[in-house]
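For reference, the structure is listed below as structure tokens.
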Amino acid sequence: MRYDLIIFDNDGVLVDSEPISNTILAAYLTELGHPTSYEDSLRDYMGAAVHRVHDLVMERTGKALPADFDDTLHARVFAAFERELVPVAGVPEVLEGLESEGVAYCVASSGSHERIRVGHRKTGLDRWFRDEIVFSAQDVGRGKPAPDLFLHAAERMGVDPSRCAVVEDSPLGLAAARAAGMDVYAFTAMTPAAQLSPASGHFSKMSGLRALLG
């Protein structure tokens, strides 16, 4: 393999959480008087940290979201995760393959550490992701599309950014990886390939990732 580190996004790449979380986010924003469809939520917030929700609502309406917005949103999302969340099909096999080949990997997510951990415990992916290879937008000053999170992950893992490959499924994540100087492979299960066109390669099923990594 031509890479020393594979960096996975979490939501939509490792765990099939995007339909759950964006349905809940759209409904909650609508409930608060900011009409938002599921499609709107995917377009505006998929792959982003929660501060982007606050920023866009303020920019568009001049109104701040409630002080307890984050806590309420997370509580609703976590409860739904416990009922419904599953790993993305093929992910365990990919991780087993990387381990067997001795290729380093980690996760770098816009979600909080708590959100990552809740999802990994529910889906059984916690067996592959010990604490020291889990990185969150909480760890840096700016989330995606800024490159900070991916650069932080590479530094902590001791790998030059040019030797990293990122697996992403959102335009924001793709932009962050490219800004970090990393190759990025776009998972197109939910996002059309046309929206992820600057990627180094595209794949619609996890079974297709290994061949792209070289």
Side-chain angles (χ1 to χ4, degrees), residues 3 5-29 34-60 73 77 88-91 94 105-112 115-116 119 135-154 161-162 164-206 208-209 212-213:
Y3 300 106
L5 176 65
I6 311 304
I7 304 176
F8 290 94
D9 176 42
N10 189 58
D11 292 294
V13 171
L14 296 176
V15 296
D16 194 15
S17 54
E18 294 291 8
I20 299 171
S21 58
N22 282 282
T23 296
I24 291 170
L25 175 58
Y28 187 25
L29 287 173
H34 305 288
T36 305
S37 68
Y38 172 71
E39 291 75 20
D40 293 337
S41 186
L42 288 177
R43 181 194 66 227
D44 293 340
Y45 306 121
M46 182 175 167
V50 70
H51 69 77
R52 179 175 171 85
V53 184
H54 290 267
D55 293 345
L56 283 186
V57 169
M58 175 61 75
E59 177 184 315
R60 291 169 175 174
L73 176 65
V77 168
V88 169
V91 161
V94 168
Y105 61 87
C106 65
V107 60
S109 172
S110 292
S112 66
R115 177 187 174 112
I116 298 167
F135 305 104
S136 161
Q138 288 180 309
D139 303 330
V140 295
R142 299 181 298 168
K144 305 170 188 177
D148 304 38
L149 176 56
F150 289 133
L151 293 173
H152 171 73
S162 66
C164 298
V166 175
V167 184
E168 265 287 355
D169 70 332
S170 74
L172 292 175
L174 189 148
R178 286 175 55 83
M182 301 176 180
D183 287 347
V184 55
Y185 294 92
F187 184 44
T188 60
M190 285 192 61
T191 306
Q195 295 181 28
L196 301 168
S197 57
S200 304
H202 299 80
F203 64 107
S204 60
K205 295 182 179 179
M206 275 295 155
L209 174 61
L212 292 174
L213 295 175

Within-4.5 Å side-chain heavy-atom neighbours: V94 and F8: yes
Rounded to the nearest 0.5 Å, the CZ atom of R115 sits from the OG atom of S21 at a distance of 4.5 Å
Separation between CG (D9) and CD (E168), nearest 0.5 Å, reads 4.0 Å
Nearest heavy atoms of N22 and S41, plus distance in Å: OD1-OG, 2.6 Å
Please report the interatomic distance CG(D183) to OG(S162), rounded to the nearest 0.5 Å. 9.0 Å
Nearest 0.5 Å please: distance from the CZ atom of R142 over to the CG atom of D148. 4.0 Å
Nearest-0.5 Å distance that lies between atom CE in M190 and atom CE in M46: 5.0 Å
Could you pull out the closest heavy-atom pair between S136 and L149, with the gap in Å? O-CD1, 3.4 Å
Can you give me the closest heavy-atom contact between A154 and L5, atom names plus distance? CA-CD2, 4.2 Å
Quick check: closest heavy atoms across G201 and L212, and the distance to 0.1 Å? C-CD1, 4.3 Å
Does C106 reach the side chain of F135, with side-chain heavy atoms less than 4.5 Å apart? yes
Return yes if some donor-acceptor pair links the side-chain N/O of T188 with the main-chain N/O of F203 below 3.5 Å, else return no. yes
In Å and rounded to the nearest 0.5 Å, what is the CG to CZ distance from L209 to F187? 9.5 Å
Minimum-distance pair of heavy atoms, taken over all atoms of V53 and L29: CG1-CD2, 4.0 Å
State whether a side-chain donor-acceptor pair under 3.5 Å links R52 with S110. no
Start with the C-alpha gap between Y185 and I6, add the side-chain angles, then the distance that decides, and say whether side-chain contact (heavy atoms from CB on, under 4.5 Å) holds. CA-CA 10 Å; Y185 294 92; I6 311 304; over 6 Å; no
Strictly distance-based, threshold 3.5 Å: is any side-chain N or O of D40 a donor or acceptor partner for the main-chain N or O of T36? no
Taking every heavy atom of G12 against every heavy atom of V88, the minimum-distance pair comes out as O-CG2, 3.8 Å
Side-chain donor-acceptor pair present, D169, T191, cut-off under 3.5 Å: no
Take M206 and V13, measure what side-chain contact (heavy atoms from CB on, under 4.5 Å) needs, and give me the verdict at the end. CA-CA 9 Å; M206 275 295 155; V13 171; 3.9 Å; yes
